[in-house]
Peer 1: 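Mind having a look at this structure? Questions to follow.
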Amino acid sequence: MLKGGIYITAAVFLFIGFLYMFVIDIDTFDFITNNQIKKAEKIHHINDYLITNNFNLKTFTHKITLSCLNEDKACQVLEIYKYVHSSFIIDNVTNNLSIPNPLNAFRNRQGTYLDITLLYSSLLLHSGISTYIKKDGSKYYSYACGINNFDMYNTIKTDLHSKPLAYKDIMLRNGQVWAFDLSREANDNLIIDIELFSKYPVDMVLFPNRHEMNAHLKGQYSRYNADCSLFNVNEANISCHAPQKTGIIIFKSLSDDNKFKAGIYRGGILAGDIKSEKSRQGSNCIKIDINSHGDFIYPGIIY
């Protein structure tokens with residue numbers, strides 16, 4: 001009887017032990033499976049797709065920013081922007097659910113709007129510029145940090161002035177005139193920047209058309225744009241609206257042997273037009289639309 005009781009007790013303990021092991025195995029299996037599911041379902045932040053420490057991108061970035069000084073970050077931001085905007089094709093695809101692949105876009109010179117935005121920020125990283133991407137409405141924007149708005153503005157203005165509408169460096173006689181025709185097809189809102197330097201004074205006058213200019217040169221009454229006209233000056237640096245579709249500007253020397261230099265450039269951007277925000281670290285970050293469409297295609301100009 002006692003022996004039988006021992007056997008029964010042992011059997012009960014063995015059964016309980018087996019059941020305990022089985023429960024532990026089931027719980028452990030559930031834990032591992034749930035972990036795997038959670039890992040598979042992890043939602044990546046958009047900045048997780050930025051490319052870092054890539055030799056090809058490093059070499060490429062160095063090549064397209066050779067014209068910039070080492071510490072001129074605004075120049076680097078602009079040169080990378082100009083190259084990517086002009087050399088990469090953005091697919092006209094909406095509601096694309098594929099995983100972002102900026103490296104593939106770099107290889108193919110083509111990708112989605114998000115791919116090219118990620119690629120641009122990745123190139124900034126390889127130029128030593130802190131960056132991140134944010135979504136605003138339906139669009140993604142890249143941010144280039146450590147650059148103030150005024151530096152970005154000056155860099156853009158320098159780029160605009162590297163492509164003058166007109167430029168002249170000549171000797172003028174007394175009464176001699178250099179004129180530039182501002183006529184164009186589009187009924188646009190052209191703003192021009194004018195810079196001039198001369199050894200002796202000149203008159204600078206903007207007329208609405210050639211008829212008014214001819215009347216002025218004949219000593220007759222004429223209409224002119226007072227905001228963009230200066231008299232008896234040796235130098236000037238001003239901005240003004242050009243007449244719609246027409247317009248002609250003259251520079252008339254008031255002395256002989258007058259060494260004269262003038263440039264007329266497309267204007268219209270002010271330092272206040274540059275868009276930016278502060279990062280969490282307090283750094284100023286220029287807001288950039290890599291697929292911008294507007295009168296001025298530049299970093300910080302948002303339409």
Side-chain angles (χ1 to χ4, degrees), residues 78 82 85-86 153-275 289 292-303:
L78 176 58
K82 285 162 57 179
H85 193 278
S86 63
Y153 163 72
N154 281 332
T155 300
I156 291 172
K157 187 174 180 180
T158 298
D159 186 70
L160 281 171
H161 284 203
S162 70
K163 299 165 284 191
L165 299 173
Y167 181 83
K168 207 72 171 178
D169 186 354
I170 56 173
M171 293 290 292
L172 292 175
R173 301 184 305 275
N174 185 24
Q176 188 176 359
V177 170
W178 175 61
F180 178 68
D181 193 345
L182 290 165
S183 298
R184 55 208 182 279
E185 294 294 327
N187 193 26
D188 57 9
N189 189 32
L190 178 64
I191 296 175
I192 53 175
D193 292 338
I194 305 169
E195 294 179 352
L196 77 85
F197 303 91
S198 64
K199 183 178 179 181
Y200 301 112
V202 298
D203 288 344
M204 179 184 80
V205 191
L206 175 61
F207 300 99
N209 52 55
R210 191 173 290 273
H211 172 77
E212 299 293 340
M213 178 195 72
N214 289 334
H216 174 83
L217 293 177
K218 291 176 182 177
Q220 301 171 358
Y221 170 79
S222 62
R223 295 179 297 116
Y224 63 88
N225 185 330
D227 293 334
C228 209
S229 299
L230 298 170
F231 298 91
N232 199 30
V233 295
N234 289 74
E235 61 181 82
N237 187 347
I238 64 172
S239 297
C240 55
H241 282 88
Q244 294 285 351
K245 285 196 173 183
T246 62
I248 188 164
I249 189 166
I250 68 166
F251 301 87
K252 181 181 178 181
S253 178
L254 304 181
S255 300
D256 281 326
D257 301 321
N258 195 0
K259 184 169 177 53
F260 168 82
K261 180 167 64 175
I264 303 172
Y265 312 93
R266 188 179 180 193
I269 295 180
L270 302 174
D273 295 328
I274 307 298
K275 300 296 187 293
D289 181 5
S292 179
H293 298 283
D295 291 334
F296 296 98
I297 312 299
Y298 282 108
I301 305 298
I302 306 296
Y303 294 99

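Worth saying up front: this structure is predicted, and the values here are computed from it rather than measured.
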Peer 1: Among all residues two or more places apart in sequence or in another chain, which pass the side chain to side chain donor-acceptor pair (under 3.5 Å) test with T155?
Peer 2: none

Peer 1: Would you say K157 has more than 12 foreign heavy atoms packed within less than 6.0 Å of its NZ?
Peer 2: yes

Peer 1: Could you go through residues 243-252 and list every donor-acceptor pair under 3.5 Å that involves a side-chain atom there, pairing it with any protein atom two or more places apart or in another chain?
Peer 2:
residue : atom : partner : partner atom : Å
Q244    : OE1  : D188    : N            : 3.4
Q244    : NE2  : D188    : O            : 2.9
T246    : OG1  : P208    : O            : 2.6

Peer 1: Quick one: list whatever passes side-chain contact (heavy atoms from CB on, under 4.5 Å) with D159, sequence neighbours left out.
Peer 2: L78, K82, S162, K163, Y298

Peer 1: Grab the two heavy atoms, one from A236 and one from L230, that are nearest each other, plus how far apart they are.
Peer 2: CB-CD1, 3.5 Å

Peer 1: Measuring only between side-chain heavy atoms, which start at C-beta, is L160 closer than 4.5 Å to D193?
Peer 2: no

Peer 1: Can any side-chain N or O of N258 pair as donor or acceptor with the backbone N or O of F260 at less than 3.5 Å?
Peer 2: no

Peer 1: Rounded to the nearest 0.5 Å, how far apart are CD of E195 and CD of E235?
Peer 2: 10.5 Å

Peer 1: May I have the list of side-chain donor-acceptor pairs in residues 199-206 shorter than 3.5 Å, sequence neighbours left out?
Peer 2:
residue : atom : partner : partner atom : Å
D203    : OD1  : N232    : N            : 2.8

Peer 1: If the condition is side chain to side chain donor-acceptor pair (under 3.5 Å), which residues does S183 pass it with, not counting sequence neighbours?
Peer 2: D181

Peer 1: CD1/I269 to CD1/I274 distance, rounded to the nearest 0.5 angstrom?
Peer 2: 6.0 Å

Peer 1: Would K168 and L196 count as a side-chain contact (heavy atoms from CB on, under 4.5 Å) if you check the C-alpha gap in whole Å, the side-chain angles of each, and the deciding distance to 0.1 Å?
Peer 2: CA-CA 9 Å; K168 207 72 171 178; L196 77 85; over 6 Å; no

Peer 1: Using the test side-chain contact (heavy atoms from CB on, under 4.5 Å), find all partners of Y303 that sit at least two apart in sequence or belong to another chain.
Peer 2: S292, D295, F296, I301

Peer 1: Got a sec, which residues hit side-chain contact (heavy atoms from CB on, under 4.5 Å) with D256, two or more places apart in sequence or on another chain?
Peer 2: R173, N174

Peer 1: In Å and rounded to the nearest 0.5 Å, what is the CD to OG distance from Q176 to S255?
Peer 2: 12.5 Å

Peer 1: Looking at residues at least two apart in the chain, or sitting in another chain, which of them share a ring pair (Phe, Tyr, Trp, His ring centres under 6.0 Å) with H161?
Peer 2: Y265

Peer 1: Could I get the full list of ring pair (Phe, Tyr, Trp, His ring centres under 6.0 Å) partners for F231, not counting sequence neighbours?
Peer 2: Y224

Peer 1: Is any side-chain heavy atom of N189 less than 4.5 Å from a side-chain heavy atom of H241?
Peer 2: yes

Peer 1: Residues two or more places apart in sequence or in another chain: which of them pass salt bridge (charged side-chain N to carboxylate O under 4.0 Å, His left out) with K218?
Peer 2: none

Peer 1: Donor-acceptor check, side chain of D273 to backbone of L270, threshold 3.5 angstrom: yes or no?
Peer 2: yes

Peer 1: Under the salt bridge (charged side-chain N to carboxylate O under 4.0 Å, His left out) rule, collect the residues that match up with D169, sequence neighbours excluded.
Peer 2: K259

Peer 1: Strictly by disulfide (SG to SG under 2.5 Å), give each pair with a member in residues 157-230 just once, sequence neighbours left out.
Peer 2: C228-C240

Peer 1: Is the backbone N or O of F207 less than 3.5 Å from a side-chain atom of E212, with the two atoms forming a donor-acceptor pair by type?
Peer 2: no

Peer 1: Could you grab the distance from atom CD1 of I156 to atom CD1 of I297, nearest 0.5 Å is fine?
Peer 2: 11.0 Å

